[in-house]
**Q** 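Pasting in a structure now, in structure tokens, and then I'll have a few things to ask.
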Amino acid sequence: MEFVELLALFAAVMLIIVKPEKEQWAWWLTVGGWFVMAFMYVGHVSTALLGVLNL
């Protein structure tokens with residue numbers, strides 16, 4: 001689960017380093033990573049969204 005967020009954050013940092021004018025894209029990548037992590041956590045804990053999976 002953490003790898004998805006780390007990958008999104010790495011892409012955001014690389015985007016800021018390579019193309020600073022695309023700062024808004026980097027922000028949306030960061031927010032998107034947060035939402036994916038929250039969805040995966042809630043789905044894994046509640047077992048209602050994703051069922052019993054070994055994430």
Side-chain angles (χ1 to χ4, degrees):
M1 288 191 295
E2 293 84 10
F3 182 72
V4 174
E5 185 178 11
L6 288 176
L7 194 62
L9 290 176
F10 178 73
V13 169
M14 292 307 295
L15 189 63
I16 288 177
I17 290 172
V18 174
K19 295 188 177 198
E21 66 273 5
K22 303 287 185 181
E23 180 182 352
Q24 189 171 6
W25 285 18
W27 170 250
W28 286 114
L29 274 173
T30 303
V31 172
W34 291 342
F35 281 126
V36 168
M37 285 295 297
F39 174 75
M40 290 176 73
Y41 176 75
V42 169
H44 184 69
V45 171
S46 70
T47 66
L49 296 175
L50 298 178
V52 180
L53 298 175
N54 187 7
L55 297 178

**Q** Would you say Phe35 and Trp27 are hydrophobically clustered, going by side-chain heavy atoms of ILVMFWY under 4.5 Å?
**A** yes

**Q** Looking only at non-hydrogen atoms, find the nearest pair between Ala26 and Ile16 and report the distance.
**A** CB-CG1, 3.6 Å

**Q** Using every non-hydrogen atom in the two residues, find where Gly33 and Ala8 come nearest and quote the distance to one decimal.
**A** CA-CB, 4.2 Å

**Q** Assess whether side-chain contact (heavy atoms from CB on, under 4.5 Å) is satisfied between Trp25 and Leu29, documenting all intermediate values.
**A** CA-CA 6 Å; Trp25 285 18; Leu29 274 173; 5.7 Å; no

**Q** For atom CD of Glu21, decide whether the heavy atoms of other residues, nucleotides or ligands shown that lie under 6.0 angstrom number more than 12.
**A** yes

**Q** How many angstroms lie between atom CZ of Phe3 and atom CZ of Phe10, to the nearest 0.5 angstrom?
**A** 10.0 Å

